[in-house]
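Encoded as C-alpha coordinates, the structure appears first; notes follow it.
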Amino acid sequence: CCFLGLNLVNSWGQTELDRLFAKAEDQRVNANLTNALDVLQEAKTLAEQNNRLPEWQINTAKCLSDLDSTAAALALLETAKNQLALPDQDLLLAEALNLQGSIALQESQWKAAEKHYREALGISETYLGFYHEKVADSHNNLGAVSYLLQDYEQALFHHQQALTIRLEVLENPHPDLGSSYNNLAGCYFDLYLLDQAISAHQKTLSIREALQLPAAQASSHNNLGNC
(Lines give C-alpha, C1' and ligand atoms only; values in the text may rest on other atoms or scores of the structure.)
Protein backbone atom coordinates (compact mmCIF):
# COMPACT_ATOMS: atom_id res chain seq x y z
CA CYS A 1 0.00 0.00 0.00
CA CYS A 2 2.80 2.38 0.87
CA PHE A 3 4.65 1.49 -2.33
CA LEU A 4 1.48 2.14 -4.35
CA GLY A 5 1.07 5.52 -2.68
CA LEU A 6 4.68 6.42 -3.43
CA ASN A 7 4.25 5.41 -7.08
CA LEU A 8 1.16 7.59 -7.38
CA VAL A 9 3.02 10.56 -5.92
CA ASN A 10 5.95 9.99 -8.28
CA SER A 11 3.60 9.65 -11.24
CA TRP A 12 1.86 12.91 -10.34
CA GLY A 13 5.22 14.63 -9.92
CA GLN A 14 6.44 13.54 -13.36
CA THR A 15 3.17 14.64 -15.02
CA GLU A 16 3.16 17.99 -13.24
CA LEU A 17 6.81 18.53 -14.16
CA ASP A 18 6.06 17.79 -17.82
CA ARG A 19 3.24 20.35 -17.67
CA LEU A 20 5.46 23.02 -16.13
CA PHE A 21 8.28 22.40 -18.61
CA ALA A 22 5.81 22.65 -21.51
CA LYS A 23 4.32 25.85 -20.07
CA ALA A 24 7.77 27.39 -19.63
CA GLU A 25 8.76 26.49 -23.20
CA ASP A 26 5.54 28.02 -24.54
CA GLN A 27 6.32 31.23 -22.65
CA ARG A 28 9.92 31.20 -23.93
CA VAL A 29 8.94 30.67 -27.56
CA ASN A 30 6.54 33.61 -27.26
CA ALA A 31 9.34 35.78 -25.81
CA ASN A 32 7.80 35.94 -22.33
CA LEU A 33 11.15 35.10 -20.79
CA THR A 34 10.51 36.43 -17.30
CA ASN A 35 7.32 34.35 -17.10
CA ALA A 36 9.19 31.32 -18.41
CA LEU A 37 11.85 31.66 -15.71
CA ASP A 38 9.14 32.06 -13.04
CA VAL A 39 7.52 28.81 -14.19
CA LEU A 40 10.89 27.03 -14.18
CA GLN A 41 11.61 28.28 -10.67
CA GLU A 42 8.27 26.77 -9.63
CA ALA A 43 9.34 23.48 -11.24
CA LYS A 44 12.80 23.28 -9.66
CA THR A 45 11.86 21.40 -6.49
CA LEU A 46 9.86 18.83 -8.48
CA ALA A 47 12.81 18.42 -10.85
CA GLU A 48 15.10 17.69 -7.89
CA GLN A 49 12.62 15.24 -6.38
CA ASN A 50 12.17 13.36 -9.67
CA ASN A 51 15.85 13.16 -10.70
CA ARG A 52 15.31 15.56 -13.61
CA LEU A 53 17.48 18.45 -12.50
CA PRO A 54 19.70 18.35 -15.64
CA GLU A 55 16.57 18.77 -17.79
CA TRP A 56 15.56 21.76 -15.64
CA GLN A 57 19.05 23.22 -16.03
CA ILE A 58 18.94 22.88 -19.83
CA ASN A 59 15.49 24.50 -20.03
CA THR A 60 16.65 27.34 -17.80
CA ALA A 61 19.80 27.77 -19.91
CA LYS A 62 17.61 28.27 -22.99
CA CYS A 63 15.88 31.21 -21.31
CA LEU A 64 19.15 32.69 -20.09
CA SER A 65 20.62 32.39 -23.59
CA ASP A 66 17.60 34.21 -25.03
CA LEU A 67 18.22 36.96 -22.44
CA ASP A 68 21.86 37.16 -23.63
CA SER A 69 23.06 35.87 -20.26
CA THR A 70 25.39 33.52 -22.09
CA ALA A 71 27.93 33.00 -19.29
CA ALA A 72 25.19 31.87 -16.89
CA ALA A 73 23.63 29.69 -19.60
CA LEU A 74 26.93 27.98 -20.42
CA ALA A 75 27.66 27.36 -16.74
CA LEU A 76 24.27 25.67 -16.32
CA LEU A 77 24.82 23.58 -19.43
CA GLU A 78 28.17 22.31 -18.20
CA THR A 79 26.61 21.43 -14.84
CA ALA A 80 23.77 19.61 -16.60
CA LYS A 81 26.15 17.63 -18.84
CA ASN A 82 28.16 16.51 -15.83
CA GLN A 83 25.01 15.26 -14.07
CA LEU A 84 23.40 13.43 -16.99
CA ALA A 85 23.03 9.66 -16.64
CA LEU A 86 24.53 8.49 -19.94
CA PRO A 87 23.64 6.77 -22.20
CA ASP A 88 20.04 6.85 -20.91
CA GLN A 89 19.94 10.64 -21.23
CA ASP A 90 21.90 11.00 -24.44
CA LEU A 91 19.09 12.96 -26.10
CA LEU A 92 19.27 15.55 -23.34
CA LEU A 93 23.01 15.71 -24.01
CA ALA A 94 22.24 16.41 -27.68
CA GLU A 95 19.90 19.21 -26.62
CA ALA A 96 22.61 20.73 -24.43
CA LEU A 97 25.15 20.46 -27.27
CA ASN A 98 22.80 22.16 -29.72
CA LEU A 99 22.31 25.03 -27.30
CA GLN A 100 26.07 25.31 -26.75
CA GLY A 101 26.44 25.40 -30.54
CA SER A 102 23.87 28.18 -30.87
CA ILE A 103 25.62 30.26 -28.18
CA ALA A 104 28.99 29.74 -29.90
CA LEU A 105 27.40 30.78 -33.20
CA GLN A 106 26.05 33.99 -31.64
CA GLU A 107 29.55 34.76 -30.38
CA SER A 108 31.08 34.10 -33.83
CA GLN A 109 32.94 31.04 -32.53
CA TRP A 110 32.07 29.12 -35.66
CA LYS A 111 34.45 26.18 -35.32
CA ALA A 112 33.26 25.57 -31.75
CA ALA A 113 29.65 25.78 -32.95
CA GLU A 114 30.39 23.25 -35.70
CA LYS A 115 31.91 20.83 -33.18
CA HIS A 116 28.90 21.01 -30.85
CA TYR A 117 26.42 20.65 -33.72
CA ARG A 118 28.22 17.61 -35.16
CA GLU A 119 28.17 15.86 -31.79
CA ALA A 120 24.47 16.64 -31.38
CA LEU A 121 23.69 15.34 -34.88
CA GLY A 122 25.49 12.05 -34.23
CA ILE A 123 23.50 11.44 -31.04
CA SER A 124 20.17 12.46 -32.57
CA GLU A 125 20.57 10.24 -35.62
CA THR A 126 21.58 7.28 -33.44
CA TYR A 127 18.49 7.48 -31.25
CA LEU A 128 15.86 9.05 -33.52
CA GLY A 129 16.79 7.79 -36.99
CA PHE A 130 17.18 9.98 -40.05
CA TYR A 131 13.60 11.13 -40.56
CA HIS A 132 13.07 13.19 -37.43
CA GLU A 133 12.54 16.93 -36.99
CA LYS A 134 15.39 17.24 -34.48
CA VAL A 135 17.77 15.62 -36.96
CA ALA A 136 16.62 18.11 -39.59
CA ASP A 137 17.29 20.94 -37.13
CA SER A 138 20.83 19.64 -36.53
CA HIS A 139 21.51 19.52 -40.28
CA ASN A 140 20.09 23.03 -40.58
CA ASN A 141 22.42 24.23 -37.82
CA LEU A 142 25.43 22.63 -39.48
CA GLY A 143 24.40 24.16 -42.79
CA ALA A 144 24.28 27.60 -41.21
CA VAL A 145 27.72 27.36 -39.62
CA SER A 146 29.26 25.80 -42.78
CA TYR A 147 27.91 28.75 -44.75
CA LEU A 148 29.51 31.20 -42.32
CA LEU A 149 32.78 29.28 -42.74
CA GLN A 150 32.30 29.80 -46.51
CA ASP A 151 32.20 26.05 -47.12
CA TYR A 152 29.24 26.41 -49.43
CA GLU A 153 29.24 22.83 -50.74
CA GLN A 154 29.12 21.46 -47.19
CA ALA A 155 26.41 23.97 -46.32
CA LEU A 156 24.46 22.86 -49.39
CA PHE A 157 24.74 19.22 -48.33
CA HIS A 158 23.38 19.85 -44.84
CA HIS A 159 20.54 22.08 -46.05
CA GLN A 160 19.59 19.42 -48.62
CA GLN A 161 19.51 16.84 -45.83
CA ALA A 162 17.36 19.13 -43.69
CA LEU A 163 14.94 19.69 -46.58
CA THR A 164 14.70 15.97 -47.37
CA ILE A 165 13.67 15.25 -43.77
CA ARG A 166 11.31 18.20 -43.48
CA LEU A 167 9.48 17.27 -46.68
CA GLU A 168 8.82 13.89 -45.09
CA VAL A 169 7.85 14.93 -41.56
CA LEU A 170 6.23 18.38 -41.90
CA GLU A 171 2.96 19.52 -43.39
CA ASN A 172 3.30 21.70 -46.46
CA PRO A 173 3.21 24.71 -46.29
CA HIS A 174 5.37 25.08 -43.19
CA PRO A 175 7.75 27.93 -42.23
CA ASP A 176 10.67 25.51 -41.80
CA LEU A 177 10.23 24.28 -45.37
CA GLY A 178 10.40 27.88 -46.54
CA SER A 179 13.55 28.37 -44.49
CA SER A 180 15.16 25.27 -46.00
CA TYR A 181 14.46 26.39 -49.58
CA ASN A 182 15.73 29.88 -48.72
CA ASN A 183 18.93 28.44 -47.23
CA LEU A 184 19.46 26.29 -50.30
CA ALA A 185 18.97 29.32 -52.53
CA GLY A 186 21.72 31.17 -50.69
CA CYS A 187 24.12 28.25 -51.17
CA TYR A 188 23.25 27.90 -54.86
CA PHE A 189 23.78 31.64 -55.36
CA ASP A 190 27.26 31.59 -53.82
CA LEU A 191 28.14 28.52 -55.88
CA TYR A 192 27.07 30.46 -59.01
CA LEU A 193 24.23 28.01 -59.69
CA LEU A 194 21.77 30.77 -60.50
CA ASP A 195 19.02 28.64 -62.08
CA GLN A 196 18.85 26.47 -58.95
CA ALA A 197 18.94 29.58 -56.75
CA ILE A 198 15.99 31.12 -58.62
CA SER A 199 14.02 27.87 -58.40
CA ALA A 200 14.63 27.59 -54.65
CA HIS A 201 13.68 31.25 -54.09
CA GLN A 202 10.46 30.70 -56.06
CA LYS A 203 9.58 27.72 -53.85
CA THR A 204 10.34 29.83 -50.78
CA LEU A 205 8.06 32.58 -52.06
CA SER A 206 5.26 30.12 -52.80
CA ILE A 207 5.34 28.80 -49.23
CA ARG A 208 5.47 32.28 -47.72
CA GLU A 209 2.51 33.36 -49.84
CA ALA A 210 0.53 30.32 -48.71
CA LEU A 211 1.35 31.16 -45.07
CA GLN A 212 0.49 34.84 -45.65
CA LEU A 213 3.79 36.25 -44.39
CA PRO A 214 4.06 39.70 -46.06
CA ALA A 215 7.50 40.68 -44.74
CA ALA A 216 8.97 37.30 -45.68
CA GLN A 217 7.34 37.53 -49.12
CA ALA A 218 9.00 40.91 -49.67
CA SER A 219 12.36 39.38 -48.72
CA SER A 220 11.82 36.58 -51.24
CA HIS A 221 10.96 39.06 -54.01
CA ASN A 222 14.11 41.00 -53.16
CA ASN A 223 16.19 37.80 -53.30
CA LEU A 224 14.73 36.90 -56.69
CA GLY A 225 15.56 40.39 -57.93
CA ASN A 226 19.18 39.90 -56.87
CA CYS A 227 19.45 36.72 -58.92
Side-chain angles (χ1 to χ4, degrees), residues 28-31 62 65-66 68 70 94-95 97-125 128-227:
R28 186 187 73 83
V29 168
N30 288 290
K62 289 180 184 178
S65 175
D66 289 349
D68 294 325
T70 54
E95 196 169 343
L97 288 165
N98 268 323
L99 185 52
Q100 285 182 304
S102 295
I103 292 172
L105 195 66
Q106 291 167 11
E107 297 182 342
S108 299
Q109 298 174 5
W110 297 333
K111 281 294 186 181
E114 183 182 35
K115 176 178 179 291
H116 291 313
Y117 286 148
R118 285 197 185 281
E119 290 179 23
L121 175 61
I123 294 169
S124 297
E125 280 191 324
L128 302 173
F130 180 71
Y131 287 102
H132 194 282
E133 197 168 349
K134 287 185 181 295
V135 176
D137 290 344
S138 286
H139 277 294
N140 184 75
N141 291 339
L142 277 166
V145 75
S146 296
Y147 187 87
L148 289 169
L149 290 165
Q150 298 185 340
D151 188 346
Y152 301 128
E153 290 186 356
Q154 188 68 12
L156 180 65
F157 167 78
H158 285 296
H159 286 310
Q160 286 173 331
Q161 295 291 90
L163 176 63
T164 298
I165 297 167
R166 287 171 171 174
L167 285 170
E168 185 72 21
V169 303
L170 298 177
E171 294 288 333
N172 192 10
H174 190 282
D176 286 349
L177 286 172
S179 294
S180 281
Y181 281 118
N182 191 62
N183 292 335
L184 283 170
C187 295
Y188 286 132
F189 183 84
D190 284 302
L191 289 167
Y192 303 102
L193 302 171
L194 296 186
D195 288 344
Q196 290 95 320
I198 290 170
S199 176
H201 278 311
Q202 288 172 335
K203 290 175 181 176
T204 304
L205 177 60
S206 177
I207 290 170
R208 290 172 171 176
E209 286 175 340
L211 292 171
Q212 299 182 341
L213 301 172
Q217 289 174 50
S219 177
S220 288
H221 281 296
N222 184 65
N223 290 335
L224 280 165
N226 289 333
C227 288

(request) Measure across Ala155 and Cys187 and return the closest heavy-atom pair with its distance rounded to 0.1 Å. (result) CB-SG, 3.7 Å
(request) Compare every heavy atom of Val135 with every heavy atom of Gly129, then report the nearest pair and how far apart it is. (result) O-CG2, 3.2 Å
(message) Once rounded to the nearest 0.5 Å, what's the spacing between atom CD1 of Ile123 and atom OG of Ser138?
(response) 9.5 Å
(message) Does anything in residues 150-171 form a salt bridge (Lys or Arg N to Asp or Glu O under 4.0 Å)? List the pairs, not counting sequence neighbours.
(response) Asp137-Arg166
(request) Mind checking side chain to side chain donor-acceptor pair (under 3.5 Å) for Asn140 and listing every partner two or more places apart, or none if nothing turns up? (result) Asn183
(request) Go through the structure and list residues passing side-chain contact (heavy atoms from CB on, under 4.5 Å) with Asn172, not counting sequence neighbours. (result) Leu177, Ile207
(message) Using 0.5 Å steps for rounding, measure from the OG atom of Ser199 to the OH atom of Tyr181.
(response) 8.5 Å
(message) To the nearest 0.5 Å, what is the distance between CD on Glu209 and OG1 on Thr204?
(response) 11.0 Å
(message) Could you work out, with ring pair (Phe, Tyr, Trp, His ring centres under 6.0 Å) as the rule, every residue matching His139, not counting sequence neighbours?
(response) His158
Using a 3.5 Å cut-off and no angle test, enumerate the donor-acceptor pairs between side-chain atoms of residues 189-197 and protein atoms at least two apart in sequence or in another chain.
from, atom 1, to, atom 2, distance (Å)
Asp190, OD2, Tyr147, OH, 2.3

(message) I'd like to check Ile165 versus His132 (side-chain heavy atoms, cut-off strictly below 4.5 Å). Are they in contact?
(response) no
(message) Nearest 0.5 Å, please: how far is OG in Ser179 from NE2 in His174?
(response) 9.5 Å
(request) Kindly state each residue pair satisfying salt bridge (Lys or Arg N to Asp or Glu O under 4.0 Å) with at least one member in residues 98-120, sequence neighbours excluded. (result) Lys111-Glu114, Glu114-Arg118, Lys115-Glu119
(request) Report the residues that fulfil side-chain contact (heavy atoms from CB on, under 4.5 Å) with Ala112, sequence neighbours left out, ordered by chain and then residue number. (result) Ala104, Gln109
(request) Please identify each residue that fulfils side chain to side chain donor-acceptor pair (under 3.5 Å) with Glu95, with sequence neighbours left out. (result) Lys62
(request) Go through the structure and list residues passing side chain to side chain donor-acceptor pair (under 3.5 Å) with Asp66, not counting sequence neighbours. (result) Arg28
(request) Please report the closest heavy-atom contact between Val169 and Tyr131, naming both atoms and the distance. (result) CG1-O, 3.8 Å
(message) Show the nearest heavy-atom pair for residues His159 and Gly143, with the distance to one decimal.
(response) NE2-C, 3.4 Å
(message) Run the side chain to side chain donor-acceptor pair (under 3.5 Å) test against Ser65 and tell me which residues pass, sequence neighbours left out.
(response) none
Sequence neighbours left out, cut at 3.5 Å: what donor-acceptor pairs do the side chains of residues 220-227 make with other protein atoms?
from, atom 1, to, atom 2, distance (Å)
Ser220, OG, Arg208, NH1, 2.9
Ser220, OG, Ala216, O, 3.4
Asn223, ND2, Asn182, OD1, 3.4
Asn223, ND2, Ser219, O, 3.3
Asn226, ND2, Asn222, O, 3.4

(message) So, using side-chain contact (heavy atoms from CB on, under 4.5 Å) as the criterion, who are the partners of Asn141 when residues are at least two apart?
(response) Asn98, Tyr117
(request) Determine whether Gln161 and Leu142 make a side-chain contact, defined as any pair of heavy atoms from C-beta on separated by less than 4.5 Å. (result) no
